[in-house]
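Given the structure is predicted, the values throughout are model-derived calculations rather than measurements.
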Amino acid sequence: MSGTGNLFIVSGPSGAGKGTIVKELLLRAPAAWVSVSVTTRSPRPGEEDGVHYLFVSDTEFDGLVASGGLLEWASVHGNRYGTPREEVDRRLAEGKQVVLEIDPQGAFQVGALVPKSVLVFVMPPSEEELLRRLKKRGAETEKQIAVRLQTAEKEVALVGKYDHVIINDDVERAADELARLIGSYARGEESNTKSCQ
Ligand code: 5GP
């Protein structure tokens, strides 16, 4: 595929399964490229620097913000997260289908900057299932889980501002749906001209 690629923004509550779906997506859509965010959060067990995130100090994050190195950034659950701008621009210019897995604050910043970006919301099948997944992950304390559930409620209320909603009732099916969606934009069968406020 030649020409400029499309920018897909995938958001959804913590525990909705965005990360797993995006990982599965790469097996189905080799032309897709997923951005690695920078964060001030500490790595969870099993998370690798440069793979899951680029883990940086507060000072390093400040430097990236000051130098305009981030396409967008936001504070989520007391930590800061941001998308490195340069590599996203380069991959888009190469014609890649670029995927950002970011929260709604960041999604709307990018939506305003890049009107042709495609906003996709990954929805858990139910609140009970979301809670079950958050607990199963075992990465957060009860208190942190409660905060994530509160954030989830606020995020789900924003679903109407997204272009597409994928319900993650089954990871394989949801990943197929995302791959199909990306394919249809890549082939020009779908396009997004609406701007996001
Ligand atoms: P977690 O700590 O569970 O990995 O991520 C917490 C939240 O931060 C998730 O909603 C995730 O999508 C969001 N997030 C991850 N990277 C970025 C980013 O670069 N920018 C923004 N705005 N949010 C991000």
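- You'll find the side chain of Asn6 stays beyond 4.5 Å of the side chain of Val98, heavy atoms only.
- The two residues Arg28 and Ala179 come nearest to each other via the heavy atoms CB-CB, 3.8 Å.
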Review point. Can you list the steps and then say if Glu101 with Lys23 is a salt bridge (charged side-chain N to carboxylate O under 4.0 Å, His left out)?
Key: CA-CA 11 Å; Glu101 190 209 314; Lys23 217 185 296 160; over 6 Å; no
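- Residues Glu177 and Arg173 are paired through a salt bridge, judged by an N-O separation under 4.0 Å between the basic side chain and the carboxylate.
- Interatomic distance, Leu130 CG to Glu153 CD, rounded to the nearest 0.5 Å: 10.0 Å.
- The residues Glu94 and Lys96 are annotated as not salt-bridged, no charged nitrogen and carboxylate oxygen being separated by less than 4.0 angstrom.
- Tyr162 and Ser11 share a side-chain donor-acceptor pair at under 3.5 Å.
- With contacts defined as side-chain heavy-atom distances shorter than 4.5 Å, the pair Arg80/Asp58 qualifies.
- Of the charged side-chain nitrogens involved, none lies within less than 4.0 Å of a carboxylate oxygen, so that Glu190 and Arg180 do not count as a salt-bridged pair.
- The shortest non-hydrogen separation linking Val10 to Lys18 is O-CD, 4.2 Å.
- Of the candidates Leu7, Leu100, Leu71, Leu100 is the only one forming a side chain to side chain contact (heavy atoms under 4.5 Å, CB included) with Ser35.
- Using a 4.5 Å heavy-atom cutoff, the side chains of Phe61 and Tyr81 are not in contact.
- The neighbour count for Glu86 CD, taken as heavy atoms of other residues, nucleotides or ligands under 6.0 Å away, does not exceed 12.
- Under a 4.0 Å N-O distance rule, the pair Arg133/Glu129 qualifies as a salt bridge.
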